[in-house]
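Keep in mind that the numbers below use all heavy atoms, side chains included, and drop hydrogens, waters and symmetry copies. Per chain, numbering begins at 1; letters A, B, ... match sequence-line order.
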Amino acid sequence: MVRVRFAPSPTGYLHVGGARTALFNWLFARHTGGTFILRIEDTDRERSTDEAIEQIVDSLRWLGLDWDEYYRQTERHERHLEAAESLLRSGAAYEKDGAWWFRVPEGGDTVVHDELVGDVRFSNEQLKDFVIRRSDGTFIYNFVVVVDDVDMGITHVIRGDEHLNNTPKQMRIYQALGYPMPLFYHLPMILGADRGKLSKRHGATSVLEYRDRGILPDALVNFLVRLGWAHGDEEVFSRDDLVRLFTLDGLNKSAAVFEDAKLLWLNQQHLKREDLAALAELARPLVVARGRVSEAMWAQADPARLLAGANLLRDRARTLHDLALAMEMLFPVPLEREASPAPSPAQTALMLAMADAIEAVSPYMPETIEAAVRAVLEANAATLKDVALACRLAVTGRKAGPGLFEMLAAIEPAVVAARLRDSASGGPA
RNA sequence: GUCCCCAUCAUCUAGCGGCCCAGGAUACCGGGUUUUCAUCCCGGCGACAGGGGUUCAAAUCCCCUUGGGGACGCCA
């Protein structure tokens, strides 16, 4: 039975590198029907904060990475003490200046068998004795990680590359305690655009920042999984796809650069595929937060019409904010119109005629609207091209957008008519 | 400085000795479709870091160089 864990230290927000490590662990657990454990490594009491724990938990929840078991390392102090005392008794550790030190034998090599990287040989001369318990009585990472992984029955340790050099020390502790070892997988890092360590100067590094930028959790998950994992030529994966397809032998050994362009493209792909009603609910708070559309207006809107509008607009959005911005046009609120020349007298006349015709259309749907509009055009010896842009601008505030008649059908007829008349009279909206 | 890891288009990657004078995706540049924009479709640009081996045959295996990253804490 597979048991894996994600073990962040709560000294800051969850960054995308940590999120990817969590994701690989989660996917492996879900793929195999195993157990995914969240373990907060808070033994550094100086730097650990509850705020950081909250941020990490919020981030994982938003990403949809749910855990089956939860631990805080400091709550396991008694168990750590018990294990450390046994090391003291056996002579594997000793006390000096109030701290407890683990004794590393001189000479020989320690070979780490990494399932991803292969065998890595470390000379024991490089491994000096190291502290496992501070003089204030708290324990050090390299020690507790072993005790906890064994107690929790961890079968596969999947973690960042930066821990590879710690592994021989940990192996020594496994041996001294007489514990069986898990399988190790050390993942390559995520780099910034300059191939340096990913940091603030490369833009957003926090998971929550991507949420705030209007990225869908499934899109970030899709993007992160492709940094170091591939399944043939496929690019767009749903969460279910990933759970079904993910295996550890698809993992890559080299570091990857995080670039926004593809994330945005993937976000667009997921925006197009997301369940429409669910997507509208995601957009709802963002639309309301913009200040023009009230919750009441949203509630009063015809649901079918609203979803039809959202469906048209989603194809042109790369983020939820793009969608929220565009969706304002679906409500009876004043529009900000893109700058453009005022309609000509001929266009004005056409739009006024169209306003009357559209109000009379029944049932109100793209086909019937188109028929009514074309009738007006024919009666006035005009073509759609003569008035399409002015009409679109009048009703949606924009020069570009979805098909005109579908768009009109997604907005209440009275609002469409009013906007056409206002625009024809040079009014505000 | 010492130790460790990594190395295919600008970026993410496929490739796990012959199917590769290297395939897909993003980005970029053209064209088509459309009332417009986006989508979509078609096309273009573009890489096996360098040098030695091994082999009938190497992007694929080995070594060196170079480059990048990581670790050397009473941090995790």
Side-chain angles (χ1 to χ4, degrees), chain A residues 7-12 18 40-48 73 96-101 112 114 116-118 120-123 125-128 130-142 144-145 159-169 186-191 193-198 223-236 249-250 252-266 268-269 272 312-318 322 326 370 373 383-393 396 398-405 407:
Chain A
S9 69
T11 53
I40 304 294
E41 309 229 316
D42 56 349
T43 51
D44 182 351
R45 286 178 171 160
E46 292 286 308
R47 298 195 300 154
S48 298
Q73 216 154 36
K96 185 179 144 203
D97 301 336
W100 295 7
W101 293 72
V112 174
D114 187 288
L116 197 58
V117 181
V120 185
R121 183 174 299 273
F122 294 87
S123 163
E125 286 170 37
Q126 303 289 334
L127 269 53
K128 296 168 294 193
F130 57 93
V131 171
I132 59 173
R133 190 191 194 207
R134 302 181 184 87
S135 39
D136 70 359
T138 59
F139 289 96
I140 295 286
Y141 165 76
N142 276 129
V144 291
V145 71
R159 80 225 305 193
D161 226 354
E162 69 272 19
H163 291 290
L164 183 56
N165 288 290
N166 284 323
T167 310
K169 290 182 182 175
H186 287 96
L187 303 169
M189 299 194 56
I190 296 180
L191 272 23
D194 58 1
R195 299 209 77 89
K197 196 167 186 162
L198 193 63
F223 178 73
L224 289 176
V225 82
R226 287 285 291 105
L227 257 31
W229 181 85
H231 185 261
D233 284 339
E234 288 183 52
E235 294 289 349
V236 183
D249 48 61
N252 228 44
K253 291 202 289 188
S254 51
V257 171
F258 190 105
E259 269 205 337
D260 271 1
K262 195 163 183 175
L263 171 61
L264 255 359
W265 174 77
L266 274 173
Q268 185 175 25
Q269 298 303 312
K272 290 168 69 165
L312 294 172
L313 265 9
R314 85 211 284 199
D315 278 354
R316 268 142 276 253
R318 286 175 91 81
D322 293 343
E370 176 164 6
V373 168
T383 66
L384 186 58
K385 277 197 175 187
D386 293 332
V387 77
L389 178 64
C391 182
R392 175 187 300 286
L393 198 66
T396 70
R398 300 182 173 205
K399 294 179 186 172
L404 185 59
F405 302 112
M407 202 58 236

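When heavy atoms are screened at a 4.0 angstrom cut-off, A/A230 is found touching the sugar-phosphate backbone but no base atom. If you check every strand for non-hydrogen atoms under 4.0 Å, A/D97 touches a base. Residue-level contact check: A/S135 touches the bases, meaning some heavy atom is under 4.0 Å from a base atom. At a threshold of 4.0 angstrom between heavy atoms, the contacts of A/T43 are confined to the sugar-phosphate backbone, with no base atom among them.
Checked by distance alone, A/N166 brings no side-chain donor or acceptor within 3.5 Å of a matching partner on the base of B/rA71.
The shortest side-chain heavy-atom distance between A/F258 and A/L263 falls under the 4.5 Å cut-off. With a 4.5 Å cut-off on side-chain heavy atoms, A/K262 and A/L227 do not count as touching. Contact annotation: the side chain of A/T43 never approaches that of A/E41 to less than 4.5 Å [non-hydrogen atoms, C-beta and beyond]. Proximity of A/E46 to A/D136: side-chain heavy atoms (C-beta onward) are nowhere separated by under 4.5 Å. Counting heavy atoms from C-beta outward, A/F130 and A/I140 have side chains that stay 4.5 Å or more apart. At least one side-chain heavy atom of A/L266 sits under 4.5 Å from a side-chain heavy atom of A/V236. At a threshold of 4.5 Å between non-hydrogen side-chain atoms, the residues A/Y141 and A/H163 count as touching. Considering only heavy atoms from C-beta on, A/H186 stays 4.5 Å or farther from A/L116 through its side chain.
Using P as the reference atom, B/rC19 and B/rA57 are 14 Å apart when rounded to the nearest Å. Going from the C1' atom of B/rC16 to that of B/rC48 covers 15 Å, rounded to whole Å. Rounded to a whole angstrom, the distance from the C1' atom of B/rC9 to that of B/rG70 is 26 Å. Between B/rU34 and B/rG23, the distance separating the two P atoms is 32 Å to the nearest Å. Here, B/rG18 and B/rU2 have their P atoms 39 Å apart, quoted to the whole Å. Here, B/rA47 and B/rU8 have their C1' atoms 6 Å apart, quoted to the whole Å. Between B/rA49 and B/rG69, the distance separating the two C1' atoms is 16 Å to the nearest Å. Nucleotides B/rA58 and B/rG53 place their P atoms 12 Å apart, quoted to the nearest Å.
If you take CG of A/L224 and C1' of B/rU13, they are 15 Å apart, rounded to a whole angstrom. Protein atom CZ of A/F258 is 16 Å distant from nucleotide atom P of B/rU11, rounded to whole Å. Atom pair A/R159:CZ and B/rC5:C1' shows a separation of 14 Å (rounding to whole Å applied). The separation between A/R134 atom CZ and B/rC74 atom C1' is 6 Å, rounded to whole Å. Whole-Å rounding puts the A/E125 CD to B/rC4 P distance at 12 Å. Across the protein-nucleic acid pair, A/L266 atom CG and B/rU13 atom C1' stand 13 Å apart, rounded to whole Å. Between the NZ atom of A/K128 and the C1' atom of B/rA71 there is a distance of 12 Å, given to the nearest Å. Rounded to an integer number of Å, the gap from A/L164 CG to B/rA71 P is 11 Å.
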Query raised in the report: Using a cut-off of 4.0 Å between protein heavy atoms and nucleotide atoms, how would you tag nucleotides 65-70 of chain B 5' to 3' with B, S and -?
Result: ---SSB
Report summary line: Readout for nucleotides 21-39 of chain B: B = base within 4.0 Å of protein heavy atom, S = sugar-phosphate only, - = neither; 5' to 3' it is --BBBSS-------BBBBS
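Ring geometry for A/F139 against A/W100 counts as perpendicular: the plane angle is over 60°, on a 0 to 90° scale with 30° as the lower cut.
Within the structure, every side-chain polar atom (N or O) of A/T11 is placed at least 4.0 Å from both OP1 and OP2 of B/rC75. Contact annotation: A/N252 reaches the phosphate of B/rA14 (side-chain N/O to OP1 or OP2, under 4.0 Å).
For A/F122, whose side chain is taken as the heavy atoms from C-beta onward, the closest listed nucleotide among B/rC4, B/rA76, B/rC6 is B/rC4.
Across all strands shown, B/rA59 forms no Watson-Crick or G-U wobble pair with both distances under 3.5 Å. With a cut-off of 3.5 Å on both Watson-Crick or G-U wobble distances, the partner of B/rA10 is given as B/rU26. Taking a pair to require two hydrogen-bonding distances under 3.5 Å in either a Watson-Crick or a G-U wobble arrangement, B/rU2 pairs with B/rA71.
A/D386 places a side-chain N or O within donor-acceptor distance of the main-chain N or O of A/T383, the cut-off being under 3.5 Å.
Side-chain contact annotation: A/T138 with A/R134, donor-acceptor N/O pair under 3.5 Å present.
Closest heavy-atom contact between A/K399 and A/L389: O-CD1, 3.6 Å.
Across the interface with RNA chain B, nearest-nucleotide mapping of A/V117 and A/R133 shows A/V117 to be the residue nearer the 5′ end.
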